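Chain letters run A, B, ... following the sequence lines, proteins first and then strands; every chain starts at 1. All figures in this text were calculated on a predicted structure; none of them were measured in a lab.
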Amino acid sequence: MVSQEIIKKENKDVDNAILKENRKQTILDKLFHIVFLLCACMAVVAVFAITIFIFSKGLQPFIPGNEEGTYSFIKFITGLEWKPSQNIYGIGYMIIASIYATVGAIVIGVPIGILTAVFIAEIASPRIADIVRPMIELLAGIPSVLYGVFGFAVIVPFVRNYISPFQLGDSLLSVILILSIMILPTIISVSETAIRAVPKSYKEGAYGLGATKMEVIFRTILPAAKSGILAGVVLGIGRAIGETMAVILVAGNPESGIPRTIYDQVRLITNNIVLEQGYAEGLHEEMLFSTGVVLFLFIMIINIILNKIRSKVVEK
Amino acid sequence: MNNRARKDLFAKAVIYLSTFITVGMLIFIIGFIFKEGLSLISLDFLKRDYNSTTQYVTANKSNDNFKEPSNLSENSVFIPQYGIAVREGINEELEEVIVIDYIVKDSPVSKSFNAANNIFSIKKLDQIKKINSQDYNDINFEEAVQIIKNSNEIKLKVTRPGGGILPMIITTLELIALSLVIAIPIGVLASIYLVEYAKPGKLINIIRFATESLAGIPSIVYGLFGMIFFVKQLSVGESLLSGGLTLSILLLPTIIRTTEETLKTVPISYKEGSFGLGANRLQTLWRIILPNAVPGILVAVILSIGRIVGESAALLFTAGTFAKIPLGVKDSGATLTVRAYMEVKEYANVEMASAIGIVLIIIVLVLNVSMRIISRKLSKNNN
């Protein structure tokens, strides 16, 4: 009897210990759950913080009663002169320059990029593809500053000496050329993935109907990979608009003037921030944040378009 | 040749031309950077400070004479009392100086003191302009050597030539360490939440949207934010810390996305096995899931390093632009990339920028290759 009781008691102790251990584990699990959640929320916090700080500082000049001075929003957006020393802050000509530069880069870069992707995915033998692909990766990995150095030392003198009728190297053309090279890796890698994702049966069907290789590529594969390629193009636009350091070295960055030809000097939205952030104060500094807000809005629009394209791809 | 064949040929030609342009551009750019910068590249370029420094240092004669090494060049004279070899040379300002050509191990000059009474070890290629307040301009080389030989204690004006990128290398490494220490844990834990804990719903959608938005924000906007928030609002100042914190946010999307991908590839049977053996969720996480995700986390680390090394716009106003070795996380310094930009922007010094560029391209190459090796291993494991 006595021994049985002891055994019972021992069992109870063991049960209690297990219960205790389990409870500890549950608490630990919950604790870690919260830690993981907090970490996951950091991204949300960061996006909020960035948006709030940039917007609150950047929108201040347009709110009446701002202590650093106010400025008309319309004048800011449509202004064709940026002269901080005279309190003139117009970024209209920069917005136009940014759009021109991006469109130009897309016009040159996208066809070259897509066709290179076609080469890697469809034409090159596996061995050659394995040589070209790391090269594209390297092109993607080169810091943008080095593109700027290259542009500054090669493209600008080239444009000045051989192309520009005004003997001016810093120009919209130089910017477009640099950006076209810089968006290539993005467009190539995304397009290549999209081209590879096209079902084999499409190709086989086309070949079966007697199409040549080029007809298969241009009439069947590329149309089928359209959405994926489009996503690559939009990503390329994002990169082009946000690019700063390479462009700044080849743009000329004038204080006014809508570019009328591709040989004109330009100042892009991004350049404006980097050029003057180092010493700007008061209203001038706030206006640079306002420039940041405009850049932010551009990027947001691009992201929304990108999401729309992506969800379309998923639907398919 | 019929019309169709001609069209085909044309299409093919255009495709080859495009590829040629892409590859040609890459080779052209890299070739240019190497051609411009290669003349500067040497071990000294990596080891030297950016600015030259001049100090007055004092060294005591050793009691016993040092043995002369056999591999000295013809022009240099060995001073056994101090264990150094010196030769005539010319500094950056084209003045005549004495150059330290060789230093014996345990030489007293490597334990010399500067004016602030700190140890300042004289190194090879340091330049001497004054000996015991005797200007080298006023005496010739032989006299100078005699003075050094005859003094029990020598006081030297030593100039260490600059022109190197050591400060930038150190800044870059410190910034990499700092950003990774902050961003990797947060990113990895966040992706654990997204893959293992989160249930489909609003919260996860918001987190995903936020991560994607972060990925799309241009680095100059990060730079603006880092400057207004870390540098000014939290008054950390222009420093490694501000730069590192800014970079950590910038790296989050990359780390989360990459880790998430690998966490998803851990076979569900592993988890089921672990649960079946009575392990709870945390134990399964630490013992089963995370070890299997290590290669993926490594990929995230490599991608992050690549991003940090290439970053400039986000660092320009957060971490600083001066070529100096940061004295702590609260001190500022320029990374390699930032400095390459400043060299071109301020001095139009394409040669220096290209030399830094060579170092950067080599780093990128090493990163790309190690990434290939890891992902090859990954795909082998998965099969």
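- Atom CZ of B:R208 sits in a crowded spot, with more than 12 heavy atoms from other residues, nucleotides or ligands closer than 6.0 Å.
- Atoms CD1 and CE, from B:I186 and A:M42 in turn, are 4.5 Å apart once rounded to the nearest 0.5 Å.
- Using a 4.5 Å cut-off between heavy atoms, B:D8 touches chain A through backbone and side chain atoms alike.
- Put simply, the side chain of B:S219 does not reach to within 4.5 Å of the side chain of A:T244, judged on heavy atoms.
- In this structure, chain A has heavy atoms under 4.5 Å from both the backbone and the side chain of B:L282.
- A 4.5 Å side-chain heavy-atom check between A:I50 and B:L214 finds at least one atom pair inside the cut-off.
- Ion pair A:E137/B:R372 flagged as a salt bridge, since at least one NZ, NE, NH1 or NH2 atom sits closer than 4.0 Å to an Asp/Glu carboxylate oxygen.
- Taking every heavy atom of both residues into account, A:V274 and B:F317 meet most closely at O-CZ, 3.3 Å.
- When heavy atoms are compared at a cutoff of 4.5 Å, B:M227 approaches chain A solely by way of its side chain, counted from C-beta outward.
- With a 4.5 Å cut-off on side-chain heavy atoms, A:F218 and B:I15 count as touching.
- Environment of CZ in B:F20: sparse, with no more than 12 heavy atoms of neighbouring residues, nucleotides or ligands closer than 6.0 Å.
- Per-residue heavy-atom pair counts under 4.5 Å with chain A were compared for B:A348, B:A353, B:S312, and the maximum is reached by B:S312.
- In this structure, the separation between CG on A:D29 and OH on B:Y197 is 4.5 Å, given to the nearest 0.5 Å.
- Only the side chain of A:I123 comes within less than 4.5 Å of a heavy atom in chain B; its backbone stays farther off.
- Annotation: side chain of A:I248 is in contact with side chain of B:Y341 (closest heavy-atom distance under 4.5 Å).
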Could you walk me through whether B:K345 and A:F152 satisfy the side-chain contact (heavy atoms from CB on, under 4.5 Å) test, starting with their C-alpha distance in whole Å, then the side-chain angles of each, then the deciding distance to 0.1 Å, before giving a yes or no?
CA-CA 10 Å; B:K345 187 75 193 150; A:F152 177 85; over 6 Å; no

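- Dense packing is recorded around OH of A:Y207, with more than 12 heavy atoms of other residues, nucleotides or ligands lying under 6.0 Å away.
- When heavy atoms are compared at a cutoff of 4.5 Å, A:L184 approaches chain B solely by way of its side chain, counted from C-beta outward.
- Per-residue counts of heavy-atom pairs under 4.5 Å with chain A were compared for B:T211, B:I217, B:I361, B:I256; the largest is that of B:I217.
- Side-chain contact of A:T116 with B:T22: a donor-acceptor pair under 3.5 Å is present, judged by distance alone.
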Residues B:L26, A:I142; criterion side-chain contact (heavy atoms from CB on, under 4.5 Å); working and verdict
CA-CA 10 Å; B:L26 171 78; A:I142 296 177; 4.1 Å; yes

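- Looking at A:V45, there are no atoms closer than 4.5 Å to chain B (heavy atoms on both sides), in backbone or side chain.
- Interface residue A:L139: backbone and side-chain heavy atoms are both found under 4.5 Å from chain B.
- With chain A as the partner, the residue from B:T337, B:I356, B:T321, B:V309 showing the most heavy-atom pairs under 4.5 Å is B:T337.
- Proximity to chain A (any heavy atom under 4.5 Å) is restricted, for B:I30, to the side chain, taken from C-beta onward.
- For the pair B:L9 and A:M214, the minimum side-chain heavy-atom distance is 4.5 Å or more.
- Counting only heavy atoms from C-beta outward, the side chains of A:F289 and B:F225 never approach each other to under 4.5 Å.
- For the options B:V364, B:L17, B:L224, heavy-atom pairs under 4.5 Å to chain A are most numerous at B:L224.
- Contact of the A:V44 side chain with the B:F209 side chain is not registered, since no non-hydrogen atoms from C-beta on lie closer than 4.5 Å.
- Here CG of B:L315 is found 9.0 Å from CE of A:M245. Values are rounded to the nearest 0.5 Å.
- Once rounded to the nearest 0.5 Å, the distance linking CD1 of B:I33 with CZ of A:F150 reads 8.5 Å.
- Residue A:L275 touches chain B through its side chain alone, counting heavy-atom pairs closer than 4.5 Å.
- Residues of residues 189-196 of chain B lying under 4.5 angstrom from chain A, judged on non-hydrogen atoms, are B:L189, B:A190, B:I192, B:Y193 in numerical order.
- In terms of non-hydrogen atom pairs under 4.5 Å with chain A, the most contact-rich of B:I249, B:V338, B:V221, B:L367 is B:V221.
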Is there a side-chain contact (heavy atoms from CB on, under 4.5 Å) between A:F119 and B:V23 once you walk through the steps?
CA-CA 12 Å; A:F119 177 83; B:V23 174; over 6 Å; no

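- If you take CZ on B:F229 and CZ on A:F53, they are separated by 5.0 Å, rounding to the nearest 0.5 Å.
- Interface residue A:L288: only backbone heavy atoms are found under 4.5 Å from chain B.
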Let me see the working for A:H33 and B:R281 under side-chain contact (heavy atoms from CB on, under 4.5 Å), right down to the final yes or no.
CA-CA 10 Å; A:H33 191 154; B:R281 192 152 62 161; 4.0 Å; yes

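- Residue contact with chain B, scored on non-hydrogen atoms closer than 4.5 Å, is absent for A:A124.
- You'll find the side chain of A:P134 stays beyond 4.5 Å of the side chain of B:N368, heavy atoms only.
- The CD atom of A:E285 sits 5.5 Å away from the CD1 atom of B:I228 when rounded to the nearest 0.5 Å.
- Looking only at heavy-atom pairs under 4.5 Å with chain A, the residue among B:A210, B:P218, B:S18 that has the most is B:S18.
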